[in-house]
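Atom set for the values below is all heavy atoms of this structure, side chains included, hydrogens, waters and symmetry mates excluded. Remember, it's 1-based here, ligands and their atoms both numbered in the order they're listed.
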Amino acid sequence: MTEKQRTLRFAPSPNGYLHLGHVYSALRNRELAERLGGRLLLRMEDIDTARCTPRFEEQILKDLNWLGISWQGAVRRQSAHFSGYRKALDRLRDMGLVYPAFVTRAQIRSHVAEYERQGTSWPRDPDGSPLYPGNERSLPDGDLAASLEAGQPFAWRLDMEKACSLAAQDITWSEEGRGPSGETGAITANPRAWGDVILARKDTPTSYHLSVVVDDALQDITDIVRGHDLFHATSVHRLLQVLLELPEPRYRHHALLVDGSGRKLSKSDGDTAVSALRRNGLSADEVIRICETGARI
Ligand code: GLU
């Protein structure tokens, strides 16, 4: 049997400029694709149509071209595929695994603050956000119907306990890189650490978790190379892959590029944007060298 062609993807969100952190990740993807004789695809993760703009996307494409980072095939834009994510959500709904949640983030925050005032800390997810209290998991039918009828906006949340029981098996993934604490090899997923995650937001008919697993399967991605910041999210991705019967990719998480004071680079650090570095006179090779050597800028 011939082995499936190895396929990787670089998947920025066009809600800001391409910065050195992105370039580092794109280079790690390109390097592995070359080593494996595989393909590198480009995906725009633009489900947040308010924050992701055609202008940012255009600039990202320009910057990648300037850096000489190329990809195969057409760029996939998630905003053009909402109906595909909807189908996956419907399947989970038919399995009885998702439910409408009307509570707002502000309401969760004030609920948690109220609780913590009594002196006990509220559980947090791996990103440090308070876990959703789960109090809408089994709303009385009458209350649910009334909220729906009143046109109250809602998100679809995954009933994590039910989802984990249905998946039954111990879910693992193969980590070929390293997690933030050096985790490598066969990793046991812990999706419960995230609580009842949102699979479709109030203002967007999908979520990062749902669309990323649908696309990785649809685009035949065999190897996922991305930063440590998404290491723990892999637990949710693996659970969704099991529930939706999607293939399991290999994962390779890499360290994040940090600035001179050891902070993770972010889109808000305008001075690490590739376009700003270019305006300041750096060449494409110099930008790549900064990423390759982790040199301070
Ligand atoms: N769109 C995500 C980001 O820009 C990357 C998602 C992924 O690689 O799974 O951080």
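Listed by number with element, the atoms of ligand 1 under 4.0 Å from a non-hydrogen atom of V212 are 9 (O). Every atom of ligand 1 is numbered from 1 in the order shown, and the set under 4.0 Å from a heavy atom of S13 is 1 (N), 4 (O). Atoms of ligand 1 found under 4.0 Å from any heavy atom of Y208 (numbered from 1 in listed order, with element): 6 (C), 7 (C), 9 (O).
Contacts with ligand 1 closer than 4.0 Å are made by side-chain heavy atoms of L230 only, the backbone lying farther away.
By the neighbour-count criterion of 12 heavy atoms within 6.0 Å, atom CZ of R124 is densely surrounded, having more than that number from other residues, nucleotides or ligands.
Listed by chain and residue number, nothing satisfies the side-chain hydrogen bond (donor to acceptor under 3.5 Å, both in side chains) test with Q72 (two or more places apart in sequence, or in another chain).
Taking 4.5 Å as the limit, some side-chain heavy atom of M44 sits within range of a side-chain heavy atom of L61.
Residue H22 has no nitrogen or oxygen atom sitting less than 3.5 Å from a nitrogen or oxygen atom of ligand 1, judged on distance alone.
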Solution key, residues 176-187 side-chain donor-acceptor pairs under 3.5 Å, sequence neighbours excluded:
| residue | atom | partner | partner atom | Å |
| --- | --- | --- | --- | --- |
| E176 | OE1 | R252 | NH2 | 3.3 |
| R178 | NH1 | G182 | O | 3.3 |
| E183 | OE1 | S181 | N | 2.8 |
| T184 | OG1 | E175 | O | 3.4 |
| T184 | OG1 | G177 | O | 2.8 |

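Every heavy atom of H237 sits 4.0 Å or more from the atoms of ligand 1.
A side chain to side chain contact (heavy atoms under 4.5 Å, CB included) with K162 is found for one member of D159, L158, L166 and no other, namely D159.
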